[in-house]
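Predicted model only: the values in this text are computed from it and were never measured.
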Amino acid sequence: MAIDDVLGNDAAAVSGRRALLRGALAGAGGLGALLAGGWLSRLGPTAFADTASDVEMLQTAASIENLVIAAYSQVATLPPATTGASIPLVATFVTITRQQHGDHRDALNSALRALGGQPQSQPDKALLDQLVEPALGKIGGPGDVFNLAIELESAAAATCVKFATQVSDRRSAALLASIAPVEAQHVAVLRATGALVAAGATQSIAIPPDIATLPATAGSAAFPDAFLKTDQARPAGEGAVATSSRSTSGAAATS
Amino acid sequence: MKATRMEISERELLAMARELDQMHRESLPRFHETVAALGEAARDKLARAQAANRLSTTRRNFLRGGVVTAGALGGGLLVSGCNGGGSTTSPSSSARSDLAQVRTNASIEVLAVTTYDLALRAAASGALGPIPPAISTFATTVRSQHQQHGDAFNAILTQGGERPQTEPDPALMASVRKRLQAVKTVADVARLALDLEQAAYETYTRNASTLTDRNALSVSLSIAPVEAQHAAVLFFVLGSYPVPDARVKTDKARTPEDLAVTSSSGVSSG
């Protein structure tokens, strides 16, 4: 199966973006190797949910980080006027956030090694198919980018919170718990920025801000809920490395 | 427990309350072994627990709250008590430790609510100068969310057979009072609020290493990200990058020892 068969190239308007995403994913570990390993064909949303181990949960968390990194990498290649990156703070956010997700991925993979598990170099394929690919095909402005990023970051935060209560290894729980609030902060920034853009207050998206002119919505848009919801958490085994494809994935990780 | 729907004497009520409390304590360890992660049901349970907690303001309502909770939640600390029986062991050390940590968490929330109340009062008096609309909205919204967080932690305490925490972390409260006396601007208050929010989310994040009860941990970890979001906005308001660290540190986390030491040392909490 060719990569384009999965990523799709029938719509000319989105083919460029998909090619870029494909490149980003390859940089993150190699989607081609993922497919060659047959992992996709065995993917099921709850394939491991009932018997998920600490290793599987950490691998799934890492797979989400891989996907988020790839998505931000893709966004960074789009025209700034389309993504909102023409606003300097937004461009800075994309850069720093991608680095922070890289830290998360590395920490999760270190935890996996400590547990004797295999690091995860692949993206969460289900999330890629269900969310990222469709969204990238419809990006028409900054709001679309913000919404996609909010969805991804929310899924990452919810997954980390949920897994932190389910893993048996305390160090893994502590790691996941230390990542979730940062993902939630990313969500907060995206929500607040989106609200400011929607309010026509792009001049307020700067550091330091002019507090006096910030619209009232800036004070609450970042945290609409008093408790983080976990309904967007991904299934525990969704991004697990299939045992039979370990050698292939391992090769991909070094490619 | 059907007797709770009948007219009963004060003496009987007290006896039943003691019995209910004892049942909670006896079966708490079994709860730890059997309860699964809250998952998607957590918020519903939490809302119901909060409702039950609000019913517990009188002795009669305390007992009624227990029955309501037992009948409606199908899970949680209190229901495990009502389902228990036969065991005569005292609460395990892990259960006591968990409840002590949850009490510490609740004390931080009480402190946060108190602090935002004081700040809002200072703002209303004009002591902080003109208050930008975004700051006003922020303080009001965040204060409300901290109240909900405090209710959630107190629901766990009351389900565990303990009294709710109504006093703020005394050492931090003393510090807050001192700093509030010196604030002159919105930025001064924002710096104070940021310190509190960081203490809160670092404490709840550290709970992942200390709490044994998954229910309590689920609550803590669902709150920590929201406190971190509050902090992100405060960082921004203060002119700093809103997400300064890739991972949450826990060096400012509060522990039950902090609460116990400062409480016993006579530091004023009022």
Side-chain angles (χ1 to χ4, degrees), chain A residues 89 92-93 96-97 99-104 107 157-158 160-166 170-189 191-192 204 207-231 233, chain B residues 36-40 42-43 46 130 132-142 144-149 152 186-187 201 204-209 214-215 217-233 235-243 245-250:
Chain A
L89 185 54
T92 300
F93 174 81
I96 293 178
T97 301
Q99 292 169 350
Q100 292 179 332
H101 283 293
D103 174 278
H104 300 167
C160 285
V161 165
K162 191 168 187 177
F163 289 177
T165 67
Q166 295 179 337
R170 277 300 174 103
R171 289 184 180 182
S172 298
L175 172 60
L176 290 160
S178 74
I179 292 173
V182 177
E183 316 293 41
Q185 286 182 320
H186 295 160
V187 175
V189 172
R191 282 183 180 143
S204 296
I207 295 177
D210 182 357
I211 301 174
T213 61
L214 280 174
T217 184
S220 60
F223 33 79
D225 301 303
F227 301 89
L228 185 129
K229 298 175 180 177
T230 57
D231 53 344
Chain B
L38 285 180
E40 308 318 319
R43 289 185 304 283
L46 189 56
I135 299 302
S136 181
T137 303
F138 175 86
T140 304
T141 304
V142 170
S144 170
Q145 293 187 337
H146 282 298
Q147 181 66 59
Q148 294 176 64
H149 300 165
V186 167
Y201 71 72
Y204 311 151
T205 297
R206 189 175 177 276
N207 284 181
S209 302
R214 286 186 175 181
N215 186 3
L217 180 58
S218 292
V219 173
S220 287
L221 296 187
S222 74
I223 292 174
V226 179
E227 316 295 40
Q229 291 179 325
H230 298 166
V233 173
F235 275 122
F236 176 67
V237 165
L238 290 168
S240 298
Y241 187 74
V243 192
D245 299 304
R247 281 178 274 164
V248 168
K249 301 168 184 170
T250 58

Closest approach of D103(A) to R247(B) (non-hydrogen atoms, all atoms of both residues): OD1-NE, 2.8 Å

Restricting to non-hydrogen atoms, name the atom on I207(A) and the atom on G239(B) that form the minimum distance, rounded to 0.1 Å. CG2-O, 2.9 Å

Determine the minimum heavy-atom distance between P242(B) and V189(A), stating which atoms define it. CG-CG2, 3.7 Å

What do the steps show when you test F223(A) against V142(B) for side-chain contact (heavy atoms from CB on, under 4.5 Å), and what is the final call? CA-CA 9 Å; F223(A) 33 79; V142(B) 170; 3.6 Å; yes

Give me the atom names and distance for the closest heavy-atom approach of L217(B) to A164(A). CD2-O, 3.8 Å

Euclidean distance, K162(A) NZ relative to S218(B) OG, rounded to 0.5 Å: 10.0 Å

Pick whichever of A139(B), A228(B), S144(B), A187(B) has the most heavy-atom pairs under 4.5 Å with chain A. A228(B)

Looking at chain B, which one of P208(A), A212(A), A218(A) has the largest number of heavy-atom pairs inside 4.5 Å, strictly under? A212(A)

Check whether A157(A) gets within reach of chain B through its side chain, its backbone, both or neither, counting any heavy atom under 4.5 Å. neither

Looking at chain A, which one of T250(B), V226(B), T141(B), V233(B) has the largest number of heavy-atom pairs inside 4.5 Å, strictly under? V226(B)

Engaged part of S136(B) at the chain A interface, taking heavy atoms whose separation is under 4.5 Å: neither

To the nearest 0.5 Å, atom CZ of F236(B) lies from atom CG of L89(A) at 6.5 Å

Below 4.5 Å from any heavy atom of chain A, which atoms of Y204(B) appear? Answer side chain, backbone, both or neither. neither

Of all the heavy-atom pairs spanning A246(B) and H104(A), show the shortest one and how long it is. O-NE2, 2.5 Å

Taking side chain as everything from C-beta outward and backbone as N, CA, C, O, which of these in R171(A) sits under 4.5 Å from a heavy atom of chain B? Side chain, backbone, both or neither. neither

Please state whether the side chain, the backbone, both or neither of H230(B) comes within less than 4.5 Å of a heavy atom of chain A. both

Using the rule given for side-chain contact (heavy atoms from CB on, under 4.5 Å), can you reason through F227(A) versus H149(B), listing the C-alpha separation, both sets of side-chain angles and the distance that settles it, and then say yes or no? CA-CA 8 Å; F227(A) 301 89; H149(B) 300 165; 3.9 Å; yes

Counting only heavy atoms closer than 4.5 Å, note whether S172(A) contacts chain B via side chain, backbone, both or neither. neither

Which atoms of V161(A) approach chain B - backbone, side chain, both or neither, heavy atom under 4.5 Å: both

Contact origin within V237(B) toward chain A - heavy atom pairs under 4.5 Å: both

For the pair Q185(A) (side chain) and V243(B) (backbone), establish whether a donor and an acceptor sit closer than 3.5 Å, ignoring hydrogens and angles. no

Out of P215(A), A192(A), A158(A), A221(A), which one racks up the most heavy-atom pairs below 4.5 Å with chain B? P215(A)

Of all heavy-atom pairs linking A177(A) and L221(B), the shortest is CB-CD2, 3.9 Å

Sort T92(A) into side chain, backbone, both or neither according to what part of it lies under 4.5 angstrom from a heavy atom of chain B. both

Is it the backbone or the side chain of L176(A) that comes under 4.5 Å from a heavy atom of chain B, or both, or neither? neither

Please classify the contact between A173(A) and chain B as side chain, backbone, both or neither, with a heavy-atom cut-off of under 4.5 Å. both

Verify the neighbour count for atom CZ of R206(B): are there more than 12 heavy atoms of other residues, nucleotides or ligands below 6.0 Å? no

